[in-house]
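These numbers were taken from a predicted model, which means no experiment stands behind them. Convention: sequence-line order gives letters A, B, ...; per-chain numbering from 1.
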Amino acid sequence: MTRPALDEVEVTVIGPSYGESVLVHLGDDQWIVVDSVTRQGQTRPAAIEYLHSLGVDPQHAVKLVVVTHWHDDHIRGIANTVQICAAATVCVPFSFTGSEFLSFLAAHADPLASSFGTGVDELRQVFETMRTRTENRFGLADTRLLQIPKDAVSHQCHTEIWSLSPSAFQVTESLGKIAKLVPGFGKTKRRAVSTTENDHSIALWISIGDECILLGGDLEETPDARAGWSAVVASTARPQQKASVFKVPHHGSKTGHNENVWKDMLHADPQAILTPWNRASKLPSPADIQRLEAWTKNVHLTAPPADLARVKHNHEVEKLLRDFGIRTYREPREVGIVRARKKLGAADWVVERIAS
Amino acid sequence: MTASALKSYGFDVDTDEQNQSVVRRLAFEELAEPSAGTRVFSRPAVATAVSPRPVSTPYTFFSDGSSLRAPSPMGLRAWKAIPTSAGKTFEWEGLVLEIQDASFSARLRNIKGAKAEYDEIAQFDLADVPPGDRDLLHPGGIFRWVIGLESRSGTRQRYSRIVFRRLPAWTSRSLKKSEKELKALVSGIQWIKNDATSTG
Amino acid sequence: MLPEIERNNWSIVLIGSFNPAIFHPSWFLVNEVISKETAEIAEVHVVHSEVASVTLGPLRLDVQRNRFSLQTEQSPEISLLDFVLRVFGDLLPHSQITQFGINRTVYFRAPSSERRTQLGRTFAPTIPWGAFGERIEGSKGVTLGGMTNVSMREVLVEAAWSGHCEARLMPAYEIDADTGIQTHVNNHFELKDYTEGDGAMAALKVLKNEFEPRMERCEEIILAVLGHLE
């Protein structure tokens with residue numbers, strides 16, 4: 001695989017059927033990594049693997065690593081990612097610093113006597129690495145995380161990265177909900193699992209000259225306009241340009257949808273990239289795809305929201321499973337990647353789906 | 001544990017069948033598990049369980065020079081007929097993902113018999129969870145799922161069993177300690193003060 | 001084809017200082033070590049200040065002042081570890097535990113009595129025994145002799161503990177007088193530098209780390225023995 005040119009922007013979204021990671025090339029071999037996912041059976045983060053495949057050294061090339069939220073489909077391998085990207089500033093949601101979140105994390109600090117781990121083991125390791133770095137950031141609405149003046153880059157385009165969420169109100173709300181997840185004394189330990197709501201996910205805005213990218217994380221809309229996408233759209237303190245690439249939030253679900261995002265924050269027919277979610281419920285649904293296609297003709301899935309593949313065991317096991325009417329499935333082996341590249345100043349993005 | 005020792009504690013072994021059974025069971029167990037540093041002891045009176053017909057049972061010799069007589073076959077048959085895993089068993093560690101009305105989904109990782117480099121996903125009926133374990137059925141709950149053959153009094157049957165793991169509980173002491181450590185860790189992180197001026 | 005294992009037994013044995021009187025099913029229930037369902041079918045054989053023996057569903061517990069033994073014949077055997085960690089990690093962390101054993105015993109049959117004899121000859125050849133061995137080699141019928149018990153020990157030493165893995169092979173007359181075989185593996189651990197104030201945690205830490213690897217080691221040894229009867 002060839003690396004992008006120095007004046008070429010790249011947005012790469014990695015999404016097997018469970019998990020997501022995004023890389024953005026800002027130009028001049030400078031990269032950012034958002035969240036982390038690993039392939040089945042592998043420990044090396046997929047984003048790091050991708051960079052190596054391009055001949056890019058993540059230790060020096062990655063300038064910013066963002067953890068958008070704590071759900072395990074976004075943080076598998078994040079501790080390794082943060083450690084490998086030694087030159088990167090690490091950014092975590094502001095709610096990670098709240099005492100309720102720390103209590104929740106502390107409750108899951110002791111390793112479980114289970115191969116599944118605590119569900120949040122990696123976050124503690126991320127904090128440990130952050131302690132060794134002098135520049136760490138927290139993501140909060142209307143906050144600039146990174147700025148590269150145009151004179152510092154060969155393409156001469158001013159570059160900025162902003163955190164659009166969570167809002168202060170949202171932080172308070174989500175910490176209140178996390179407080180309820182802190183377990184009571186005397187209860188049998190269990191693994192921390194993601195709740196269904198993404199209350200404090202960071203959404204990112206990236207501008208490289210006139211080229212803008214909106215990475216929606218897993219931010220969902222909420223009934224309260226002080227939170228979710230309504231708060232983002234309504235903000236006058238955020239960058240007011242329009243983006244031509246949109247990482248669709250929350251796997252294209254309707255809970256991540258706000259039509260004002262499409263109207264006010266995106267150019268017409270943006271490149272909309274999304275990752276699937278394959279569980280008992282599957283995302284995006286056909287209705288979700290239909291909705292997205294009404295807003296843009298450029299919808300790209302990193303992997304099809306296909307059914308999980310049935311596992312075929314040996315004869316002995318199959319016989320037993322048949323007796324009990326149980327079937328087991330596995331996630332697809334393929335790590336889906338959608339890559340969008342555009343030379344600064346060019347008219348169109350070149351988008352391709354890479355199977356690996 | 002000898003019959004005489006038990007007697008010294010006030011138990012009537014000679015006539016009390018239940019206590020005889022206890023002594024036999026403990027004796028057999030010592031035979032089966034001469035472990036954890038205890039040397040197997042010679043046993044004059046205990047090992048010989050009451051048997052309806054004389055059975056010649058050999059002596060067993062151990063490396064420390066002690067010896068004991070194996071229990072007669074009647075000793076084992078005196079055990080209660082609880083099912084015993086027989087043949088090959090296949091075991092997975094399971095993590096509860098989502099709970100629906102009558103079923104739950106779980107991620108599975110094979111522990112025995114069908115090892116793979118990937119996790120599996122399966123759906124189980126709620127009815128498969130023993131009533132006593134329902135309080136442990138939460139997203140994040142950890143269980144073992146075992147399938148195989150078991151033998152009960154000579155009859156074999158296939159089984160599929162879900163057993164939720166009663167892992168150590170959260171304690172006030174450990175929660176407070178972890179919280180203190182984590183807060184100290186986070187307080188040592190150096191943050192850049194964010195500036196919030198939009199340029200666009 | 002390997003002979004099928006007809007009976008399984010897994011156990012954890014702790015050596016230290018215990019109070020048998022507390023180990024009643026109701027105590028386990030109140031502390032959520034067992035479920036209500038298990039408590040309802042539990043059987044108390046004896047609970048006394050010197051000895052306790054109770055059956056808790058698939059688990060059998062026998063406790064004396066210096067010995068705590070928990071065994072099961074039903075998978076999953078991890079339930080033994082979870083039980084011990086819960087009891088001594090959460091509820092009785094100050095109990096003294098200086099040594100412990102992780103054990104597995106299996107019972108199976110040789111395809112024939114000749115094959116069992118042959119197995120005995122493999123593990124305990126008669127030739128080194130001189131004339132005695134020759135007589136045994138030539139014995140048959142009611143005078144058939146041979147190996148009655150053989151054990152092998154692997155010595156284990158780590159920073160925090162020392163111990164051994166000892167495997168024992170012997171006939172299992174209770175399965176079948178002519179073809180029954182049992183293999184017992186004892187993984188024994190003794191803590192180094194144990195002092196009274198250490199309580200249970202030092203032992204539990206080792207037990208937690210070693211339980212599954214040691215059970216895998218037991219499996220490996222048992223398969224090696226079974227392999228001779230294929």
Using non-hydrogen atoms and a 4.5 Å limit, figure out which bit of [X] sits close to chain C: side chain, backbone, both or neither.
X: B/Tyr159; answer: side chain
X: B/Arg165; answer: both
X: B/Leu136; answer: neither
X: B/Arg134; answer: neither
X: B/Lys88; answer: neither

| field | Donor + acceptor pair across side chains of B/Ser105, B/Gln123 (<3.5 Å) | value |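 Checked: B/Ser105/B/Gln123 side chains show no N/O donor-acceptor pair below 3.5 Å.
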| field | Side-chain donor-acceptor contact under 3.5 Å, C/Asn186 with C/Arg168 | value |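 On atom types as modelled, these side chains do not qualify, holding no pair under 3.5 Å.
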Salt-bridge criterion met for [X] and [Y] (N-O under 4.0 Å):
X: B/Arg166; Y: C/Glu32; result: no
X: B/Arg109; Y: B/Glu120; result: no
X: B/Arg144; Y: C/Glu77; result: no

Counting only non-hydrogen atoms closer than 4.5 Å, does [X] touch chain B with its backbone (N, CA, C, O), its side chain (CB onward), both, or neither?
X: C/Val106; result: neither
X: C/Glu212; result: side chain
X: C/Ile34; result: backbone
X: C/Ser79; result: neither

| said: Return the CG to CG distance between B/Leu137 and B/Asp128, rounded to the nearest 0.5 Å. | reply: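 The CG atom of B/Leu137 sits 11.0 Å away from the CG atom of B/Asp128.
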| Atom pair CD (C/Glu40) and CG (C/Leu29), whose distance is rounded to the nearest 0.5 Å |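 So the gap between those two atoms works out to 8.5 Å.
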| said: For chain C, which candidate among B/Arg161, B/Glu93, B/Lys112, B/Glu150 shows the most heavy-atom pairs at distances under 4.5 Å? | reply: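 Counting heavy-atom pairs under 4.5 Å, the top option is B/Arg161.
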